[in-house]
Chemist: 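Mind looking over this structure? Questions follow.
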Number of protein chains: 2
Amino acid sequence: MQNQIEQKCRDAGLKLTGQRRTIAKVLTEATDHPSANELFQRCTEIDPKISLSTLYRTLRVLEEARIIQSHDFGEGYARFEVAKEEPHDHLIDLVSGDVHEFNHPDLERLKQFIAKEFGYDVVRHRVELYAIPMKSPQGKRRRVRS
Amino acid sequence: MQNQIEQKCRDAGLKLTGQRRTIAKVLTEATDHPSANELFQRCTEIDPKISLSTLYRTLRVLEEARIIQSHDFGEGYARFEVAKEEPHDHLIDLVSGDVHEFNHPDLERLKQFIAKEFGYDVVRHRVELYAIPMKSPQGKRRRVRS
DNA sequence: CTCTCAAATAAGAATAATTCTAACTTACGC
DNA sequence: GCGTAAGTTAGAATTATTCTTATTTGAGAG
């Protein structure tokens, strides 16, 4: 009964403590992009004795092991998500704070093209669209792969 | 002998104090994207008595008046630049820390297109390319409009 | 199964960028 | 020149995150 993160911890040679199991469970079950504080609240519901330091350290360790990913959407704190195979970008709903993920091949091509014009190779990038729901609902609302 | 920023302060109904003139001068003369600390150092060379609080407050006020723009390149602090008429994105040189500006019309179209798929209108966006200089210099090094 | 010890944890102190507070000062319209 | 709202100063406060130190524990070796 062990989740993806626990297995990856093992593979990375990380000890599996009770606290890490708790954090792994919370991260695995999150469908949003929670902040450290939100994660802490969810963790304390499972284990009220867990320490905030432990959460932060674990988040750092998990990120260094490429098991999770942190994002800075300019809110003054970081948000976290389980690392996915294929990288993706984010659209942040300015009204609700919800985050949608997308990945557009044209964007990948374009960024490489632009960098090449300057004589650079892109190592990583950050594309964030801060947006509000369309007033008129007649926009083609297409289904998006998760 | 007054610079663009001083005129814009006047237009915005902001008092023109000695400190603001100093900050305006430093911002106007900057060709890079300095941090608050770097700006503070440059300001104190002109006026050693200027306060860091004043710099921060002034930066906030100037940004609210759309006279300058702050950016967060994930370094733990903000960088500032004088607001330009046309918005642009940034390519950050991971080796030197230099910042290059670019604006590609395809990118603008693409971001609107992507947002529309989700039923959103883009209010603002953030596109940052973190890159390293190309090893082989035979990449097509095209002229880039400023 | 238990011993060992490097790795992990808890609690709170420390850090660092930025903002706030409260008392003093100044720009600028009249 | 005057009055006053806006600005400045110095340092305290804030806030997310990291560090420190003493204590605990997972998990491999025997």
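Within every chain, numbering begins at 1; the chains are lettered A, B, ... in the order of the sequence lines, protein sequences first and strands thereafter. Everything numeric in this text was worked out from a predicted model, so none of it was measured. Atom set for the values below is all heavy atoms of this structure, side chains included, hydrogens, waters and symmetry mates excluded.
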Chemist: Whole-Å distance between C:dA17 P and A:D72 CG?
Modeler: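 The distance from CG of A:D72 to P of C:dA17 comes to 15 Å, rounded to the nearest Å.
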
Chemist: Would you mind telling me which of D:dG11, C:dA10, D:dA16 lies closest to the side-chain atoms of A:S51?
Modeler: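 Selected nucleotide (nearest to the side chain): C:dA10.
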
Chemist: Rounded to whole angstrom units, what separation is found between the CD atom of A:E63 and the P atom of D:dA16?
Modeler: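 Atom-to-atom, A:E63 to D:dA16, this comes out as 18 Å.
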
Chemist: With a 4.0 Å cut-off on heavy atoms, is B:Y56 in touch with a base, just the backbone sugar-phosphate, or nothing at all?
Modeler: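 Base, at least one base heavy atom under 4.0 Å.
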
Chemist: What about A:I46 and A:L59, same hydrophobic cluster or not, with Ile/Leu/Val/Met/Phe/Trp/Tyr joined at side-chain heavy-atom distances under 4.5 Å?
Modeler: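 A:I46 clusters together with A:L59.
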
Chemist: Rounding to a whole Å, what distance do you find between B:R57:CZ and D:dG11:P?
Modeler: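 From B:R57 CZ to D:dG11 P: 16 Å.
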
Chemist: Which letter, B, S or -, goes with each nucleotide of nucleotides 24-30 of chain D from 5' to 3', with contact meaning a protein heavy atom under 4.0 Å?
Modeler: -BBS---

Chemist: Hey, is the main chain of B:E38 close enough, under 3.5 Å, to the side chain of B:Q41 for a donor-acceptor pair?
Modeler: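 No; zero donor-acceptor contacts below 3.5 Å.
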
Chemist: If you group Ile, Leu, Val, Met, Phe, Trp and Tyr by side-chain heavy-atom gaps below 4.5 Å, do B:V123 and A:V127 land in one group?
Modeler: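 Shared cluster, no.
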
Chemist: Nearest whole Å is fine: how far is D:dT17 P from A:E38 CD?
Modeler: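 Distance, rounded to whole Å: 11 Å.
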
Chemist: On DNA chain C, compare the nucleotides closest to B:A36 and A:V61; which residue's is nearer the 5' end?
Modeler: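 Mapping each residue to its closest nucleotide by heavy atoms, the 5'-most match is A:V61.
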
Chemist: Can you confirm whether A:K25 is buried at NZ, in the sense that more than 12 heavy atoms of other residues, nucleotides or ligands lie under 6.0 Å from that atom?
Modeler: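 Count not over threshold, so no.
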
Chemist: Hydrophobic cluster membership, with links at side-chain heavy-atom distances under 4.5 Å among I/L/V/M/F/W/Y: are B:L14 and B:V82 in one?
Modeler: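 Linked, B:L14 and B:V82 end up in one cluster.
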
Chemist: Whole-Å distance between C:dT26 P and B:K49 NZ?
Modeler: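 The answer, rounded to whole Å, is 10 Å.
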
Chemist: When you measure only distances, ignoring hydrogens and angles, does the side chain of B:T58 come within 3.5 Å of the base of D:dG7 through a donor and an acceptor?
Modeler: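 When only heavy-atom distances are counted, B:T58 does not reach the base of D:dG7 through any donor-acceptor pair under 3.5 Å.
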
Chemist: Can you tell me if A:H88 and A:Q69 form a side-chain donor-acceptor pair at under 3.5 Å?
Modeler: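 A:Q69 and A:H88 do not have a side-chain donor-acceptor pair below 3.5 Å.
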
Chemist: Hey, is A:D11 close enough to A:K8 for a salt bridge, meaning N to O under 4.0 Å?
Modeler: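 No, A:D11 and A:K8 are not salt-bridged.
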
Chemist: Let me know the distance between CD1 of B:I50 and C1' of C:dT26, rounded to the nearest Å.
Modeler: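 Roughly 15 Å, once rounded to whole Å.
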
Chemist: Between B:R20 and D:dG7, is there a contact of a side-chain N or O with OP1 or OP2 at under 4.0 Å?
Modeler: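 Looking at the OP1 and OP2 atoms of D:dG7, one of them is under 4.0 Å from a side-chain N or O of B:R20.
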
Chemist: If the cut-off is 4.0 Å, is B:Q19 near the phosphate of C:dT25, judged by side-chain N/O to OP1 or OP2?
Modeler: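 The answer is no; no side-chain N or O of B:Q19 sits under 4.0 Å from OP1 or OP2.
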
Chemist: Ignoring hydrogens and geometry beyond distance, is a side-chain donor-acceptor pair present between A:D89 and A:H104 at under 3.5 Å?
Modeler: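 Side-chain D/A pair, A:D89 to A:H104: absent.
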
Chemist: Calculate, to the nearest 0.5 Å, the distance between atoms CZ and OH belonging to B:R126 and A:Y130 respectively.
Modeler: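 B:R126 atom CZ to A:Y130 atom OH measures 4.5 Å (nearest 0.5 Å).
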
Chemist: In whole Å, I'd like the distance from the CG atom of B:L55 to the C1' atom of D:dT8.
Modeler: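 Between C1' of D:dT8 and CG of B:L55: 13 Å.
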
Chemist: Can you measure A:R60 atom CZ to D:dT17 atom C1' for me and round it to whole angstrom units?
Modeler: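 A:R60 atom CZ is separated from D:dT17 atom C1' by 9 Å.
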
Chemist: Using rotation axes that map the C1' atoms of four end pairs onto the next four (five pairs an end), what angle separates the end axes of the helix from C:dC1-D:dG30 to C:dC30-D:dG1, to 10°?
Modeler: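 The helix from C:dC1-D:dG30 to C:dC30-D:dG1 shows an end-to-end axis angle of 30°.
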
Chemist: Between B:L52 and A:I23, which is nearer to the 5' end of DNA chain C once each is assigned its nearest nucleotide?
Modeler: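 The residue whose closest nucleotide sits nearer the 5' end is A:I23.
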
Chemist: Among side-chain atoms of A:E81 and A:H90, is any donor-acceptor pair under 3.5 angstrom?
Modeler: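 Per modelled atom types, A:E81 and A:H90 side chains form a pair under 3.5 Å.
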
Chemist: Just N and O in the side chain of B:T54: are any of them under 4.0 Å from OP1 or OP2 of D:dT9?
Modeler: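 Checking D:dT9 against B:T54, a side-chain N or O does come within under 4.0 Å of OP1 or OP2.
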
Chemist: Examine the base of C:dA11 for any acceptor or donor lying under 3.5 Å from a partner atom in the side chain of A:S53, and report the outcome as yes or no.
Modeler: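 Indeed, a donor on one side and an acceptor on the other fall under 3.5 Å apart.
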
